[in-house]
Amino acid sequence: MPDRETDKLISPAAADALIAAHDGDVALYCLYAARHPEADAETAAAVLCRTRAEIDAAREKLQRLLKSAPGRRAEPEQLVPAEESVQYPVRDIVDSFRNDSGFSPLVDELGRIIGTVPSRAYLNALVDMYDHLGMPPEVIMLLLHYCDGESRRRWGSSRRPTPRYLTEEAYRWANREILTLELAEDYIREMARRREDKVRLAELLGIRGRELSQTESKYVETWAEMGFDDEAILMALDKTLTNTGALKWRYMNGILEKWHAKGLHSVEAIEEAEGKHRPGSGGRSAQQDEDDEDLAGRMKQYWGEKA
């Protein structure tokens, strides 16, 4: 008969997170902490026959997993990869490869992607994702293929993802708490949509045959997120070219930010708010009347009231 007291040790969400972790130390420490919430790391290490380093690693990984559990809301903790790749001891990597059924397939798949036996730098990147970031194997597998596709797209079909690129992307996913297949697939779809938006807007701006620079990409992504339609982007471009004679990114961004602040994201809304008429509609605009009034005022100041 089930022990109902034991059932209360951890929540179903926490249990799911532990199962996804594929880490016995994390599961063992979680059970211990549930029964002894006030115990410190030194005591836990002694009772569980683990080193202090192993307990610290288990605690960190457990905290990260539980933060991503459904229904749990917490301020995201930004993880930053080290300037130099983490150099895990060779013995730790070998032990993971031999004894961990979740890690071994990742090494094999990475080898297929890069076309050779993974170097220590690649293995370090995998251990960092798997052990330090606490990513489930199926999520890491998807990340490896995503990075492979991005490397080929950006730098040519012969290029393969570098260890540094894999690590940076892994930390990007970890900071977004992408620790399930569903979230990973949603992220990849969102990135594809943003890429399509950037390509479309770049063509509208007359940029073809090259990747946008980092600064250009930031502007274009911001404009797409603001919700402007293509005609509004072209309208801002026309104003920029007319007033500056070239595509001045900061100037054009100023125009779009001004419209965005007023909630204007289509040509119709912009023209209505600014009192302008389409060509051939006839009549004077509110802006033209305002300009005339301003000119009359300046003339009176210059020549006197009788002018």
Side-chain angles (χ1 to χ4, degrees), residues 1-72 74 77 79-82 84-110 118 120-141 143 163 167 170-171 173-175 177-180:
M1 191 170 180
D3 184 351
R4 295 303 176 188
E5 290 301 316
T6 302
D7 291 345
K8 297 176 183 177
L9 287 178
I10 59 175
S11 68
D16 290 341
L18 290 176
I19 293 170
H22 298 284
D23 191 318
D25 285 350
V26 173
L28 184 63
Y29 176 75
C30 180
L31 292 175
Y32 177 79
R35 293 302 299 267
H36 305 282
E38 302 301 324
D40 58 27
E42 289 290 351
T43 303
V47 172
L48 300 176
C49 300
R50 295 293 188 274
T51 66
R52 175 61 186 271
E54 288 172 333
I55 291 300
D56 287 341
R59 291 177 66 180
E60 182 181 355
K61 189 172 181 179
L62 178 62
Q63 289 171 351
R64 190 162 51 253
L65 288 168
L66 295 183
K67 281 182 181 180
S68 66
R72 178 65 178 257
E77 179 183 352
L79 301 169
V80 180
E84 297 182 2
S85 61
V86 179
Q87 296 298 312
Y88 293 96
V90 174
R91 180 179 59 82
D92 291 351
I93 298 176
V94 172
D95 288 345
S96 296
F97 178 77
R98 287 179 177 174
N99 304 324
D100 196 316
S101 60
F103 187 78
S104 180
L106 298 175
V107 177
D108 295 338
E109 190 63 24
L110 179 57
R120 183 181 177 185
Y122 277 111
L123 292 177
N124 272 296
L126 275 185
V127 174
D128 203 16
M129 298 176 206
Y130 188 77
D131 188 53
H132 178 63
L133 296 180
M135 285 186 163
E138 61 271 19
V139 174
I140 296 177
M141 194 76 75
L143 184 146
T167 297
Y171 275 79
W173 287 31
N175 283 322
E177 298 187 348
I178 301 175
L179 295 174
T180 67

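Because only heavy atoms are used, hydrogens play no part in the values below, and waters and symmetry mates are left out as well, while side chains stay in. Please read all numbers here as calculations on a predicted model, not as lab measurements. In what follows, residues are counted from 1 in the order of the sequence shown.
- We find the CE-CG distance between M141 and D108 to be 8.5 Å, quoted to the nearest 0.5 Å.
- Annotation: the span from L126 atom CG to L143 atom CG amounts to 9.5 Å, rounded to 0.5 Å.
- Shortest non-hydrogen contact noted between G134 and L179 is O-CD2, 4.1 Å.
- The heavy-atom pair separating Y29 from A44 by the smallest distance is CE1-CB, 3.9 Å.
- Between the D128 side chain and the N124 main chain, no donor and acceptor come within less than 3.5 Å of each other.
- Here the shortest heavy-atom pairing between L48 and L28 reads CD2-CG, 3.8 Å.
- Taking CD of E42 as the start and CD1 of I55 as the end, the distance is 10.0 Å to the nearest 0.5 Å.
- Nearest heavy atom pair, residue P137 against residue Y130, reads CG-CE1, 3.7 Å.
- M129 places none of its side-chain heavy atoms less than 4.5 Å from the side chain of L106.
- One distance of note links CG of D25 with OH of Y32; it measures 14.5 Å at 0.5 Å rounding.
- Minimum heavy-atom separation, L123 to F103: O-CZ, 4.5 Å.
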